Every structure is written in C-alpha cells, then in structure tokens.
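Index from 1, following the sequence. Keep in mind that what you see is a predicted model, and the values were worked out from it rather than measured.
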Amino acid sequence: MVITRKDLRAWRVGPVMYRWFIRHFPDGGSYADVHRTLQFEGYADWANSLVEYAWTKWLGEENFVRQDIRTMDFLANALTPPNAIFPHDAESVAPCFSKLSMVKDKEQLANAENSAQICSAGDNVRLGCAGDNVKVASAGTHSYIGSTGDNGWLSSAGYATQIASAGYGVRIGSVGYNAHIGSSGDRARVVVAGNSTRVSSAGNSMRIANTGMRVRVSTLGSRSNIASAGDLSHITCFGEQPKIANSGDNVHIVASGEHAVIASVGHVDSIILGPGGCAALAYHDGVRTRFAVAIEGEDNIQAGVKYRLNEHHQFVAC
C-alpha cells in the first residue's frame with residue numbers, strides 16, 4: 001500500500017507533516033516505510049494519525065494487514081536487544097534489570113532477561129524485551145512496547161500506546177484509547193477495552209476480546225476466535241475457520257477465509273462470508289428475537305459478496 005501526496009491531501013494533513021513527507025518520500029512511500037520512519041524520528045502523533053488514515057482506507061485489504069504486521073514486527077525487533085534502536089531524544093536507562101520501575105518521561109529500556117518484570121508510568125517511554133515470560137505494564141501516553149519472547153504479559157493503560165509482539169502465547173491487554181497492537185506469534189491472547197484501538201494479527205489460534213467502540217480488528221492466521229461487544233467496530237478475518245461472536249451494534253464483519261462462523265446478537269450493518277462460511281444475525285420481529293441465517297452456497301448467498309438484512313429480515317447484497 002503506497003501513500004502519495006494525493007492521499008495526504010485527501011486526509012487533510014497539516015502543512016508541517018506534508019512538508020516532512022515530501023522531504024522523506026518525494027515519490028511516495030509504502031505504509032510500512034512511512035510508519036517506521038515516523039516511529040524512529042519520534043513523531044508519535046503523526047504515526048498515530050497515519051495508522052488511523054490507513055486503517056480507514058485499507059482495512060479490507062489483506063496486503064495492508066500484512067504490511068501492518070511487518071511494521072509492528074519491525075517495531076518489536078527495533079526495541080529489543082541486541083539491536084535496540086531509540087530516538088536521539090530518549091533518556092538513557094541501563095538494560096538488563098530483572099525488576100524495574102520507571103516514572104520519568106522519554107525513558108528507554110532494552111532488556112534480554114527471562115522473567116523480567118517492568119512497570120512504567122512515564123509518557124513517550126520505549127520498552128523492549130527479548131526474554132521469555134516477561135511482564136510489562138505501562139500507564140503513560142504514546143509509549144512503545146516491543147517483545148520478541150514467548151509467553152509474555154504486556155499491558156497498557158495509556159493513550160496511543162503501540163504494542164508489538166512476535167512471541168508465542170503472549171498475553172496483551174490494553175484499556176487506553178487509540179492503541180495500536182500487532183501480534184505475529186501463534187496462540188496469542190489480546191484483550192482490548194479502549195476506544196478506537198487497532199489490532200492486527202498474523203498468528204494462528206488467536207483469541208481476541210474487545211469491549212471498546214470503533215475498534216478495528218484484522219487477522220491473517222487460521223482458527224482465530226474473536227468476541228466483540230463494542231459498537232461501530234470493524235472485524236476482518238482472512239484466515240480459515242475463524243469464529244466471531246458479536247454483541248455490539250452497527251458493526252461490519254468480513255470473514256473471507258474458509259469455513260467461518262459468525263454469531264451476532266447486536267445489529268450488524270454488513271457481512272462478507274468466504275467459502276463454506278455461515279452467519280446467524282439476531283433481529284426482533286416486533287414480538288420476539290429471532291435469527292436470520294446465511295449459509296454460503298445456499299439461498300443465493302455467495303462468497304465475497306457484502307450482505308445486509310433488509311426490512312424483511314432477509315439477506316440482500318449491498
């Protein structure tokens with residue numbers, strides 16, 4: 001996904017960001033390259049705006065999700081030893097503490113120990129862990145958390161935090177607004193309560209739970225389980241055999257992988273099924289709650305076509 005000057009004008013970015021983009025990417029640049037450069041130069045607000053713009057434009061594109069995963073993998077590796085990279089304005093903190101509390105802004109930490117326990121309350125903090133079984137908690141805004149170890153616990157309560165994990169079986173929790181979470185390891189668990197959070201995943205057997213509004217979730221791996229209670233959310237699954245349970249209203253769901261199962265008791269604005277997929281959407285007929293059922297290959301339900309329920313509670317292409 002290439003970002004051009006035309007995109008910036010359409011997104012109505014400010015003149016300072018526009019001039020920065022022209023200096024660094026005069027012929028345009030990929031989403032991943034632009035995002036990485038903004039991260040490295042310390043423009044957290046701009047990077048967050050870019051994520052919002054790009055996710056709005058390309059949420060339904062599988063290639064975009066792959067770019068986002070690569071971007072977050074780069075962040076995870078850039079924050080962790082032995083090649084940790086930090087902006088020039090970050091404060092220095094010695095690496096390799098098994099237990100550490102941080103309260104200053106712009107502190108940095110690159111830790112390679114197993115079972116490390118790190119907590120931070122500062123803003124614009126950068127935390128990188130390469131060990132297994134680490135526990136990281138951050139409460140500051142615009143923080144970066146990167147982990148490449150397995151079975152870690154990463155939690156954040158700050159606004160616009162970016163969490164990148166490449167490990168197996170990692171647990172990630174976020175309650176701050178506007179967070180950006182990327183996970184490429186298998187069997188990761190992600191819990192989101194903050195509004196306007198974006199979650200991208202490439203691992204198999206993911207478990208994702210969401211209660212925030214306007215949350216965007218995209219998965220590439222197979223056998224993902226997603227439970228969402230937030231209104232105005234978008235859920236996109238490209239992998240096979242996803243299971244999606246929704247109780248939020250005005251939700252859009254895309255499950256283009258094979259043999260998807262969707263169940264919703266909230267109002268769904270649109271769904272897209274893949275081969276062998278099925279969906280059950282609740283509606284009220286004026287007397288009681290019932291379910292409208294869509295099964296790919298039956299009753300003219302086709303894979304890759306967007307459907308909604310009409311006033312007669314029947315699936316129609318839209």
Side-chain angles (χ1 to χ4, degrees), residues 1-59 61 63-79 84-91 104-108 120 122-128 138-146 156-165 174 176-183 192 194-200 212 214-216 218 234:
M1 304 299 166
V2 177
I3 297 172
T4 64
R5 302 184 189 188
K6 182 178 179 180
D7 291 316
L8 297 185
R9 289 193 291 269
W11 295 336
R12 300 181 184 275
V13 303
V16 177
M17 183 177 181
Y18 187 86
R19 289 193 295 268
W20 177 93
F21 180 85
I22 298 304
R23 288 197 304 271
H24 290 78
F25 302 96
D27 300 319
S30 71
Y31 164 79
D33 289 340
V34 176
H35 192 269
R36 283 197 295 263
T37 305
L38 287 170
Q39 288 176 341
F40 179 71
E41 296 194 3
Y43 295 114
D45 285 333
W46 290 2
N48 189 61
S49 296
L50 174 69
V51 170
E52 180 63 30
Y53 297 146
W55 274 73
T56 300
K57 181 176 181 179
W58 294 309
L59 176 62
E61 301 284 344
N63 286 337
F64 167 70
V65 181
R66 295 188 183 279
Q67 275 201 30
D68 193 64
I69 290 293
R70 287 197 296 270
T71 298
M72 299 306 280
D73 278 348
F74 172 86
L75 176 61
N77 286 289
L79 290 171
I85 302 171
F86 295 105
H88 58 81
D89 63 342
E91 300 293 337
K104 294 182 180 179
D105 295 341
K106 295 187 178 182
E107 289 188 303
Q108 66 182 32
S120 170
D123 297 334
N124 298 291
V125 169
R126 296 183 176 233
L127 308 174
S138 173
T141 64
H142 295 107
S143 295
Y144 291 75
I145 301 173
S156 169
Y159 172 86
T161 296
Q162 300 203 43
I163 303 174
S165 169
S174 174
Y177 290 6
N178 250 21
H180 185 194
I181 299 171
S183 174
V192 174
N195 296 339
S196 300
T197 295
R198 280 83 57 181
V199 181
S200 59
R214 296 182 301 278
V215 170
R216 308 292 190 264
S218 289
H234 289 244

* To do: For the residue pair Val13 and Ser49, establish whether any side-chain heavy-atom pair is separated by less than 4.5 Å.
  => no
Correct closest heavy-atom pair for Ser138 and Ser143 would be OG-OG, 3.4 Å
- Between Arg198 and Asn48: side-chain donor-acceptor atoms closer than 3.5 Å: yes
*Between the main-chain N or O of Asn124 and the side-chain N or O of Arg126, is there a donor-acceptor pair closer than 3.5 Å?*
no
Nearest heavy-atom approach of Leu127 to Ser120 is CD1-CB, 4.2 Å
- Message: With a 4.0 Å cut-off on N to O distance, would you call Asp33 and Arg36 a salt bridge?
- Response: yes
Applying side-chain contact (heavy atoms from CB on, under 4.5 Å) to Asp7 and not counting sequence neighbours gives Ile3, Thr4, Trp11, Lys57
Taking the side chain as every heavy atom from C-beta outward, state whether Ile22 and Arg19 have any atom pair closer than 4.5 Å.
-> no
Subject >> Any donor-acceptor N/O pair, Asp68 side chain to Phe64 backbone, under 3.5 Å >> reply: no
Q) Quick one: are Ile163 and Ser156 in side-chain contact, heavy atoms under 4.5 Å? A) yes
Output for pair (Met72 CE, Ser165 OG), nearest 0.5 Å, gives 10.0 Å
Here the pair of heavy atoms bringing Asp123 nearest to Gly140 is OD1-CA, 3.4 Å
By ring pair (Phe, Tyr, Trp, His ring centres under 6.0 Å), Phe21 pairs with (sequence neighbours left out) Phe25
Would you say His35's side chain and Tyr31's backbone share a donor-acceptor pair under 3.5 angstrom? no
The side-chain contact (heavy atoms from CB on, under 4.5 Å) partners of Arg9 (sequence neighbours excluded) come to Arg5, Lys6, Tyr18
Discussion item. What I'd like to find out is whether the side chain of His234 reaches to under 4.5 Å of the side chain of Trp55, using heavy atoms alone.
Written reply: no
In this structure, OG1 of Thr141 is separated from CG of Asn178 (nearest 0.5 Å) by 11.5 Å
Does the pair Tyr43 and Leu50 meet the rule for a side-chain contact (heavy atoms from CB on, under 4.5 Å), with working shown? CA-CA 11 Å; Tyr43 295 114; Leu50 174 69; over 6 Å; no
Between Ser196 and Val215, the two heavy atoms sitting closest are N-CG2, 4.2 Å
On a heavy-atom basis, the closest approach of Val65 and Ser218 is CG2-CB, 3.6 Å
### Query
With distance as the sole test, does Asn195 use its side chain to make a donor-acceptor pair with the main-chain N or O of Tyr177 at under 3.5 Å?
no
*Hey, does Trp46 have a side-chain heavy atom less than 4.5 Å from the side chain of Val16?*
yes
Q) Is there a side-chain contact between Ser174 and Ile181 (heavy atoms, below 4.5 Å)? A) yes
Heavy-atom nearest pair, Gln67 first then Ala32, reads OE1-N, 3.3 Å
Practice item. Return yes if some donor-acceptor pair links the side-chain N/O of Gln162 with the main-chain N/O of His180 below 3.5 Å, else return no. Key: no
